[in-house]
Amino acid sequence: MAQLLGKLWDRAQGKCHVERICNKVFDECSESDDKAHLKLEKLHVATLLVYNSVNKQLFNPHKEPPSMSTIDQKLAEYKRVPMVTIDRIEFNRLMMEWIRKDLYVVLANRAVLAFVAAPALAVATKRATKDVPHVGKAVAKVPTPLLFSLFSVGLVLLQDFRVG
């Protein structure tokens, strides 16, 4: 149950989209002879590609990529431990570390939209099903606040609009 709730929480924040984007960018930027590793000199370009895709797919305020100095600090950290490449897991972890604060904004925007739209949907559902045989009586028995709660949760989890 906890794993399911964790997955739903990640989905509501948009983490699954970010992971998918990171994997796609990693595949694009890694060398054709070594698809399992990304050269450190391509990290800045890969970061910009990830943020570009995230800004296209998650409709919310524009997310600024980390500054060049932040990326340089991370590169220096990797070079202290003699590394020339990073693997897919490390790349995904690094991107999630940098984009995490923006995912909270995504979740907040989704929640606000859901809480604004849910009461109208709950009332409209009750009104629309009033004259439907068998269904109208069942929906009339369901309290409006319960419909409001169900619509709120549903709207937060189902706001997976895609571009391109």
_CD1/I89: more than 12 non-hydrogen atoms of other groups inside 6.0 Å_ = no

_From CA spacing to verdict: side chain to side chain contact (heavy atoms under 4.5 Å, CB included), V50, W98_ = CA-CA 11 Å; V50 166; W98 284 338; over 6 Å; no

*In Å, rounded to the nearest 0.5 Å, how long is the span from CG of D87 to OG of S30?*
11.5 Å

*Distance in Å, T85 OG1 paired with L43 CG, rounded so as to fall on 0.5 Å steps*: 11.5 Å

*Are any non-hydrogen side-chain atoms of V25 and C29 less than 4.5 angstrom apart?*
yes

*Specify the closest pair of heavy atoms between C22 and F91, including all atoms of both residues, with the distance to one decimal.*
O-CE2, 3.5 Å

_Nearest 0.5 Å, please: how far is CZ in F151 from OG1 in T144?_
10.5 Å

*Which residues satisfy the salt bridge (charged side-chain N to carboxylate O under 4.0 Å, His left out) test with E64, sequence neighbours excluded?*
none

*Keeping the roles fixed (side chain from K126, backbone from V142), state whether a donor-acceptor pair exists under 3.5 Å.*
yes

*asked:* For D27, give me all partners under salt bridge (charged side-chain N to carboxylate O under 4.0 Å, His left out), at least two apart in sequence or on another chain.
replied: R88

*Are any side-chain N or O atoms of T70 and backbone N or O atoms of P66, one a donor and one an acceptor, separated by less than 3.5 Å?*
no

*Can you tell me how far CD of E90 sits from CZ of F26, rounded to the nearest 0.5 angstrom?*
10.5 Å

*E77: what forms a side-chain hydrogen bond (donor to acceptor under 3.5 Å, both in side chains) with it, not counting sequence neighbours?*
K74

*Between N52 (side chain) and L48 (backbone), is there a donor-acceptor pair under 3.5 Å?*
no

*Partners passing side-chain contact (heavy atoms from CB on, under 4.5 Å) against S69 (at least two apart in sequence or in another chain)*: S67

*Are any of the side-chain heavy atoms of K79 and M83 separated by less than 4.5 Å?*
no

_Pairs meeting criterion salt bridge (charged side-chain N to carboxylate O under 4.0 Å, His left out) with involvement of residues 37-54, two or more places apart_ = E31-K42

*Under a 4.5 Å cut-off applied to non-hydrogen side-chain atoms, are I86 and H37 in contact?*
no

*Supply the atom-to-atom distance I99 CD1 to L94 CG, rounded to the nearest 0.5 angstrom.*
11.0 Å

*asked:* Count I, L, V, M, F, W, Y as connected when their side-chain heavy atoms are under 4.5 Å apart, and connections chain through other members. Are V45 and M95 then in the same cluster?
replied: yes

*Please identify each residue that fulfils salt bridge (charged side-chain N to carboxylate O under 4.0 Å, His left out) with E28, with sequence neighbours left out.*
none

*Shared hydrophobic cluster for L150 and V123 (ILVMFWY, side-chain gaps under 4.5 Å)*: no

*Does the side chain of V84 come within less than 4.5 Å of L40's, by heavy atoms?*
no

*What's the spacing between K137 NZ and T129 OG1 if we round to 0.5 Å?*
13.0 Å

